[in-house]
2 protein chains.
Amino acid sequence: MKLSSEQINQKLKDAGLRVTPQRHAILEAVYTLGNHPSAEQVIDYIRVNHPGIATGTVYNVLDVLVDSRLVKRVKTDKDAMRYDAIMNRHHHIYCAETDRIEDYFDEELDDLLQSYFRKKNLQNFKIEDIILQIKGNFNDNSE
Amino acid sequence: MKLSSEQINQKLKDAGLRVTPQRHAILEAVYTLGNHPSAEQVIDYIRVNHPGIATGTVYNVLDVLVDSRLVKRVKTDKDAMRYDAIMNRHHHIYCAETDRIEDYFDEELDDLLQSYFRKKNLQNFKIEDIILQIKGNFNDNSE
DNA sequence: TTCTTATATAGGAATCATTCTTATCTAAGA
DNA sequence: TCTTAGATAAGAATGATTCCTATATAAGAA
Ligand SMILES: [Mn+2]
Ligand SMILES: [Mn+2]
Ligand SMILES: [Zn+2]
Ligand SMILES: [Zn+2]
């Protein structure tokens, strides 16, 4: 997913955030890297053009972006956090053997789940969001 | 879920593992604590009756138990790992505000998902497992 | 039962991701 | 242009986890 510089600024503004070069670079990195980068991958990416951005700033900004709903955290059973700039409803396919996490979009499935849980009407909690963790193995080796 | 001492030993043996007091205590802790304890909760629990077990041993043993499929890791968007002794297929309800993670069992849903993905027949990967992350808020305050 | 040894553990140092602290800087409204 | 609330740099600190290695032990063999 490629966004123009202006689109990135606009997203920051719309979220009520001050536009700084650091925030711009980091949000752009999460968009450009795709496939759920770790903070370290973001750091390596931005350092090329912005060698001065501090490590702590990357973590701070990622938190701010998550709080502002410009980015999501992706749940993992590894130590390092992963981030996702795709805010549209989608699910995640976890490779059983590597750290690869692929997106899975399926509106038909989302409708199915929604109507299933509406019918089920769980009593003691209100569902905000449902994400499938699909664990498996890729046949090919592509990204 | 309460298991007898013999049942725990048997599980370790069946997995081809040497039965040690450390492994016994740690596996028992994960069963007894329930609700997806962290390593730290396991440590606090076993220290009461086994003050000598080293912290590193708890992490080692938890890894061994995961490799031997006696315990699962639970995906989280927090730093600390969580563990689960319930190996039957089930889903997880994540509280949006706290670290509470509840189990959700639903065979009807599992069948629905299975037939949905059988029909869908995804081309480039083989599904091993599907777990729902249900995020929401609990109405009550119970465990 | 004792012996043997491959494997497991204790204890503590080390690592790594992340957070914290504080002096300095700057985005953006007045 | 001025002002200042809020953001960042730099590096120390923290917390979860891993690593190292000398010692201990489970469990099969004798
Ligand atoms: Mn940590
Ligand atoms: Mn960590
Ligand atoms: Zn995604
Ligand atoms: Zn569970």
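Below, each value reflects all heavy atoms present in this structure, side chains not excepted, and no hydrogens, waters or symmetry copies. So you know, we letter chains A, B, ... as the sequences are listed, proteins then strands, and number each from 1.
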Query raised in the report: Other than Val74(B), which residues form its hydrophobic cluster under the rule that side-chain heavy atoms must be closer than 4.5 Å?
Result: Tyr94(B), Ile101(B)
Query raised in the report: Only one of Asp103(A), Asp99(A), Thr76(A) clears side chain to side chain donor-acceptor pair (under 3.5 Å) with His36(A); which?
Result: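 Going through the options one by one, the only one that passes is Asp103(A).
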Query raised in the report: Does Glu128(B) pair with Lys126(B) as a salt bridge, N-O distance under 4.0 Å?
Result: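 No salt bridge links Glu128(B) with Lys126(B).
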Query raised in the report: Is there a path of hydrophobic side-chain contacts, each under 4.5 Å between heavy atoms of I, L, V, M, F, W or Y residues, that connects Ile46(B) with Leu3(B)?
Result: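 Ile46(B) and Leu3(B): one cluster.
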Query raised in the report: Are Ile93(B) and Leu112(B) connected in the hydrophobic side-chain network, where two residues link if heavy atoms are under 4.5 Å apart?
Result: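 Yes.
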Grab the [atom1]-[atom2] distance between [X] and [N] for me, whole Å please.
{"X": "Met81(A)", "N": "dT17(D)", "atom1": "CE", "atom2": "C1'", "answer": "14 Å"}
{"X": "Ile53(B)", "N": "dA8(C)", "atom1": "CD1", "atom2": "C1'", "answer": "12 Å"}
{"X": "Arg47(A)", "N": "dT8(D)", "atom1": "CZ", "atom2": "P", "answer": "14 Å"}

Requested in this report: Give the C-alpha distance, both sets of side-chain angles, the deciding distance and a yes or no for side chain to side chain contact (heavy atoms under 4.5 Å, CB included) between His24(A) and Ser5(A).
Outcome: CA-CA 8 Å; His24(A) 185 106; Ser5(A) 187; 3.0 Å; yes
Query - Tyr104(A) vs Leu132(A) side-chain heavy atoms within contact, under 4.5 Å - result: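 Heavy-atom side-chain distance check fails, nothing below 4.5 Å.
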Requested in this report: Indicate yes or no: at least one non-hydrogen side-chain atom of Glu97(A) is less than 4.5 angstrom from one of Asn137(A).
Outcome: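 Contact flag for Glu97(A)/Asn137(A) side chains = yes.
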Requested in this report: Could you pull out all residues at least two apart from Glu6(B) that satisfy side-chain contact (heavy atoms from CB on, under 4.5 Å)?
Outcome: Ser4(B)
Query raised in the report: Considering the terminal five base pairs at each end of the helix from dT1(C)-dA30(D) to dA30(C)-dT1(D), what angle separates the two local helix axes, rounded to 10°?
Result: 30°
**Report entry** With sequence neighbours excluded, residues passing ring pair (Phe, Tyr, Trp, His ring centres under 6.0 Å) with Phe105(A)
**Finding:** His90(A)
Query raised in the report: Which residue, Ile127(A), Ile130(A), Asp106(A), forms the side chain to side chain contact (heavy atoms under 4.5 Å, CB included) with Leu113(A)?
Result: Ile130(A)
Check whether any side-chain N or O of [X] sits under 3.5 Å from a backbone N or O of [Y] as a donor-acceptor pair, and report yes or no.
{"X": "Thr32(A)", "Y": "Ala29(A)", "result": "no"}
{"X": "Asn139(A)", "Y": "Gln123(B)", "result": "yes"}
{"X": "Thr98(B)", "Y": "Cys95(B)", "result": "no"}

**Report entry** Those residues of residues 38-46 of chain A lying under 4.0 Å from DNA chain D by at least one heavy atom
**Finding:** none
Scan [range] against DNA chain C and write down, sorted by residue number, each residue with any heavy atom closer than 4.0 Å; if none is found, say none.
{"range": "residues 59-78 of chain B", "result": "Val61(B)"}
{"range": "residues 16-24 of chain B", "result": "Arg18(B), Thr20(B), Gln22(B), Arg23(B)"}
{"range": "residues 7-14 of chain B", "result": "none"}

Scan the side chains in residues 58-68 of chain B for donor-acceptor partners under 3.5 Å anywhere in the protein, sequence neighbours excluded, and list what turns up.
unit_1	atom_1	unit_2	atom_2	d
Asp63(B)	OD1	Arg73(B)	NH1	3.2
Ser68(B)	OG	Val64(B)	O	2.9

Under 3.5 Å, N/O pairs linking protein and nucleotides 1-4 of chain C:
none

Query - Check: Tyr83(A)/Asp77(B) side-chain N/O donor and acceptor closer than 3.5 Å - result: no
Show me, pair by pair, the donor-acceptor contacts under 3.5 angstrom made by side chains of residues 12-23 of chain B, not counting sequence neighbours?
unit_1	atom_1	unit_2	atom_2	d
Asp14(B)	OD1	Gln10(B)	NE2	2.8
Thr20(B)	OG1	Arg23(B)	N	3.0
Arg23(B)	NH1	Arg18(B)	O	3.0

Query raised in the report: Pairs in or reaching into residues 49-61 of chain A: which pass salt bridge (charged side-chain N to carboxylate O under 4.0 Å, His left out), with residues at least two apart or in two chains?
Result: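 Output for this query is empty, none listed.
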